[in-house]
Amino acid sequence: MPELPEVEVTRLSFASRIEGATVQAAYLGKPLRWPLGCEASTLVGQTVGTAQRRGKYLWLPLGGAEQAEQPGLLMHLGMSGSLSFGQDLGARGAHDHFELGTTKGCLRLTDPRRFGAVVWSPSRDRGAAAKLLAGLGLEPFDPRFDGSALHAGLQRRRVAVKQALLGGQIVVGAGNIYACEALFLAGIDPRTRSDRISRPRAERLAQALRTTLANALALGGSTLRDFRDAHGMAGDFQSQAQVYGREGQQCQACFTPIKRLIQGQRSTFYCPQCQRR
DNA sequence: CGGGACGCCTGTGAGC
DNA sequence: TGCTCACAGGCGTCCC
C-alpha cells in the first residue's frame, strides 16, 4: 500500500496533533518486521517531536526539544500498515500491533501482514535508523533530483527502468503503483534498460514522477483496499490511475488495451502504444 | 559489486 | 458452501 504519497498523507494527518505530547504508555502486539529495540518503558515520559519522512519511512523524534541528536522511532508501514491517531480509537483489533499512548492521544499501527516496523534508534543518524536509511536515493521533491541526477543514476544500472525506479537507490518514494503511472506519463516502456534512457527522456521521467506523486498527494494517496490516513480518511488517486490495475481496459489516451507483465516478481501495467523503448 | 529470487504474514477473490 | 491457489501496496537478505 503505502508509497510516498500515502506515507506523507499519514504524516501530515497526525504530526501537528501529536507534537509536544508526552508518552504515557507503549503497547506491543504481535512481532512486526523487526523488534522494537528497546523496552516499552524507555519510551514512557519522552516528549514527541516533529514527525519527519524519509522515503517511505517516518521518523518520530522522542526526548524533548531540539536536541542535536535525539532518539526516536523509525516507522514503516510495509504493505498493509496504517497509522491512526486520536483520543478514543476504540478497542484494539487483531491487527493492531503497536500503540503509543500520549497526553494528546493514542498513535496506533494497524498492519494485518506485519511487514511494517517500529524501531527505536538513539538518533536518526546513528544506530538502527541510520542503518535502515543508508543507501536511500534522493527525495523526488529535493531540488537536487532533476533530469540530470536521474539520468546519471539510471546510467549506473542495467536493470529495466521500472525496477530502477522501484529500487529506491536513485530516487525514493515510488512503489509499484506510482512507478507504473510515472512511466506511463513519461511515455517510456517499463522494460527499457535503465542505461538506455536518453537524457531528455530522463528529464521527462523525473518530471512525470514528481507530477504523479504530487497529484497522488493532493488526492490523499491511493486506497486500493485498506489505506487510511490517521483520521481514517481514504485516498482517491486509484480512480485516476491510467494503467495500474487496468489490464485489458482501454488506454484513456489511445484506446489500446492496457497490458500486464511481471518484472522482479511484481506486476507491471503499461500501454504498449503510448509507452516506447 | 550488481542483479535476481526468496521470504516475511495475512486477507481476498477467482476458480473448481 | 468450502477448499485451494494466485496474488497483493515493500524491502532486507541470501545467493550467484
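Order of the sequence lines sets the chain letters (A, B, ...), proteins ahead of strands, with each chain counted from 1. These numbers come from the heavy atoms of this one structure, side chains and all, not from hydrogens, waters or symmetry mates.
Spacing of P atoms, C/dC3 relative to B/dC9, comes out at 24 Å, to the nearest Å. Taking the P atom of each, C/dG9 and B/dG3 are spaced 22 Å apart, rounded to whole Å.
Here A/Glu69 pairs with A/Arg126 in a salt bridge; the nearest charged N to carboxylate O distance falls below 4.0 Å. Here A/Arg92 pairs with A/Glu99 in a salt bridge; the nearest charged N to carboxylate O distance falls below 4.0 Å.
Taking a centre distance below 5.5 Å and an interplanar angle below 30 degrees as the stacking criterion, A/Phe115 stacks against the six-membered base ring of B/dC8.
Not one side-chain nitrogen or oxygen of A/Arg113 sits closer than 4.0 Å to the OP1 or OP2 atom of B/dG11. Side-chain N/O atoms of A/Arg157 include none lying less than 4.0 angstrom from OP1 or OP2 on B/dG2. An OP1 or OP2 oxygen of B/dC9 is reached within less than 4.0 angstrom by no side-chain nitrogen or oxygen of A/His97. OP1 or OP2 of C/dC11 sits under 4.0 Å from a side-chain N or O of A/His76. Proximity of A/Arg266 to the phosphate of C/dA8: no side-chain N or O atom is located under 4.0 Å from OP1 or OP2. OP1 or OP2 of B/dT10 sits under 4.0 Å from a side-chain N or O of A/Arg114.
Between A/His76 and A/Tyr57, the angle of the ring planes goes over 60°, which puts this pair in the perpendicular group of the 30/60° scheme.
Counting distance only, with no hydrogens placed and no angle test, the side-chain atoms of A/Arg225 and the base atoms of C/dA8 include no donor-acceptor pair under 3.5 Å. One can find a donor-acceptor pair under 3.5 Å joining the base of C/dC11 and the side-chain atoms of A/Arg33.
Following rounding to the nearest Å, A/Gln163 (CD) and C/dC11 (P) show an atom-to-atom distance of 14 Å. Distance, A/Leu166 CG to B/dG4 C1': 14 Å, rounded to whole Å. The CE-C1' distance, from A/Met79 to C/dG12, rounds to 14 Å in whole Å. The interatomic distance linking A/Tyr244 (OH) with C/dG10 (C1') rounds to 12 Å, in whole Å.
Where A/Leu132 and A/Thr223 each meet DNA chain C at their nearest nucleotide, the meeting point lying more 5' is that of A/Thr223.
More than 12 heavy atoms of other residues, nucleotides or ligands lie within 6.0 Å of CD in A/Gln169, so this atom counts as buried by the packing criterion.
The closest side-chain heavy-atom distance from A/Arg196 to A/Arg277 is not below 4.5 Å.
Contacts of A/Arg156 with the nucleic acid, taken as non-hydrogen atoms under 4.0 Å apart, are absent.
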